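Here is the structure we will look at.
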Amino acid sequence: MIVASVILSLAADARASMNDLSIVVGNKNYSSWSLRAWLALKQTGAPFKEIVIPLDRSDTKEKLRAHSPSERVPVLKHGGEIIWESLAIAEYLAELFPAAKLWPSQASARAIARAVSSEIHAGFVALRTHMPMDVRGRYPGKGRGHGVDKDIDRVAGLWRECRNRFGSGGDYLFGPFTIADAMYAPVVSRFITYDVALDDIGAAYRDAVWRWPAMQEWAKSASDEPWVIAQAVI
Ligand SMILES: N[C@@H](CCC(=O)N[C@@H](CS)C(=O)NCC(=O)O)C(=O)O
């Protein structure tokens, strides 16, 4: 009885504050980590407020400090709670909104979705360094620094494996859109910006993510932004 009433009151707390979500992001053209968390939040269908902090400006650090304990974006605010780190935000949203099915429901698919999400979160340094996200930019053939081809091959291999093993229920890595797709969305944008050639499975997946309405909404905002950051490698 006590357990049931605690569960009911926790559920009521969560429901009561579902409308109290905001996300702090960087420039949409450049902030790849912000894109990941923002896409996961969009996928919940919940209303949220958005605060954009332009990066690489004299007042950026001060603005970041006002919102983020790590002085980085994204940050999710839910009531009095502050969550930073894109993957932690995505995990939090998956728990808060179980109906959104942000992770695959089958255990081994879910474990692999978490593995590929952690792999991009922690790795692919050459790709992330030499091909910085620039959503509206088009630089075919650029960004091929040391180690980038190896990273591209690994990404293409992961996409192929996930699509072949788990993708039959939809156009995304695990069928329907999950956090894993949000984590690779900036890579999709990079592959378009730098015109990276892909096999048929990779190209179809890239196009599916790019067409996704939330991705298009982000890309439109990125194109409309006034800020320009010089990218060293381009
Ligand atoms: N590991 C963090 C990385 C966050 C990160 O590096 N964010 C960049 C923007 S994409 C940032 O806030 N940079 C601060 C700055 O440019 O001053 C995450 O996953 O959220």
Side-chain angles (χ1 to χ4, degrees), residues 21-44 48-78 81-96 102-103 113-137 139 143 151 155 158 173 178-194 209 214-215 217-219 221-223 225-234:
L21 284 162
S22 40
I23 188 162
V24 187
V25 295
N27 316 32
K28 294 193 172 175
N29 195 53
Y30 303 106
S31 184
S32 59
W33 298 109
S34 300
L35 169 59
R36 294 173 167 105
W38 187 91
L39 286 175
L41 182 53
K42 282 294 272 192
Q43 186 67 0
T44 68
F48 62 90
K49 293 194 197 102
E50 186 181 290
I51 299 157
V52 179
I53 298 181
L55 301 174
D56 204 33
R57 291 160 61 106
S58 56
D59 59 352
T60 298
K61 277 288 168 218
E62 187 190 335
K63 288 187 169 162
L64 288 172
R65 255 195 302 275
H67 292 283
S68 170
S70 64
E71 298 183 18
R72 289 180 183 273
V73 280
V75 169
L76 179 77
K77 297 183 179 184
H78 179 215
E81 208 59 71
I82 293 180
I83 297 116
W84 68 103
E85 283 290 328
S86 51
L87 206 43
I89 292 169
E91 289 282 7
Y92 183 74
L93 292 170
E95 289 185 25
L96 205 58
L102 290 180
W103 289 119
R114 284 200 163 105
V116 301
S117 298
S118 302
E119 194 169 336
I120 183 69
H121 193 242
F124 297 115
V125 174
L127 176 65
R128 293 200 278 113
T129 305
H130 295 290
M131 291 186 167
M133 191 173 88
D134 184 343
V135 176
R136 63 185 175 235
Y139 311 107
D151 281 356
V155 168
L158 281 179
L173 294 178
T178 68
I179 287 167
D181 303 296
M183 294 304 289
Y184 280 88
V187 178
V188 163
S189 172
R190 287 168 159 109
F191 284 0
I192 292 171
T193 294
Y194 299 95
V209 172
M215 186 75 201
E217 187 183 328
W218 179 279
S221 303
S223 293
E225 280 177 349
W227 311 291
V228 174
I229 299 177
Q231 304 277 11
V233 297
I234 296 170

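What you see is a predicted model; the values in this text were computed from it and never measured. Basis for what follows: all heavy atoms, side chains included, without hydrogens, waters or symmetry-related copies. In listed order, ligands and their atoms are each counted from 1.
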Residue, atom name and distance, where the atom is the protein heavy atom closest to atom 6 (O) of ligand 1: Arg72 NH1, 3.0 Å
Below 4.0 Å from any atom of ligand 1, is there a heavy atom belonging to Arg36? no
Is Ser86 close to ligand 1, meaning an N/O of one under 3.5 Å from an N/O of the other? yes
Of the protein's non-hydrogen atoms, which lies at the shortest distance from atom 15 (C) of ligand 1, and what is that distance? Leu64 CD1, 4.0 Å
heavy-atom search around atom 1 (N) of ligand 1 in the protein gives Glu85 OE1, 2.9 Å
Look at ligand 1 and say whether Pro74 reaches it with a heavy atom at a distance under 4.0 Å. yes
Can you find an N or O of Ser31 that's nearer than 3.5 Å to an N or O of ligand 1? no
Please write down residue, atom name and distance for the protein heavy atom closest to atom 16 (O) of ligand 1. Leu55 CD2, 4.0 Å
Ile53 side, atom CD1; His67 side, atom NE2 - distance, nearest 0.5 Å: 4.5 Å
Tyr139 versus Asp134: any side-chain heavy-atom pair under 4.5 Å? yes
Determine whether His121 and Trp33 make a side-chain contact, defined as any pair of heavy atoms from C-beta on separated by less than 4.5 Å. yes
Side chains of Met131 and Phe124, heavy atoms from C-beta outward: is any pair under 4.5 Å? no
Subset of ligand 1 atoms that lie under 4.0 Å from at least one heavy atom of His121: 1 (N), 18 (C), 19 (O)
Under 3.5 Å between any N/O of Val73 and any N/O of ligand 1: does that happen in this structure? yes
Cation-pi between Arg114 and Trp103: NZ/CZ under 6.0 Å from ring centre and within 45° of the ring axis? yes
Is there a polar contact, in the sense of an N or O pair closer than 3.5 Å, between Ser34 and ligand 1? no
With side chains defined as the heavy atoms from C-beta onward, is the minimum distance between Ser31 and Val25 less than 4.5 Å? no
Please say whether more than 12 non-hydrogen atoms of neighbouring residues, nucleotides or ligands are located less than 6.0 Å from NZ in Lys49. no
Could an N or O of ligand 1 be found under 3.5 Å from any N or O of Lys61, whether backbone or side chain? yes
Are side-chain heavy atoms of Thr44 and Leu96 found at a separation under 4.5 Å? no
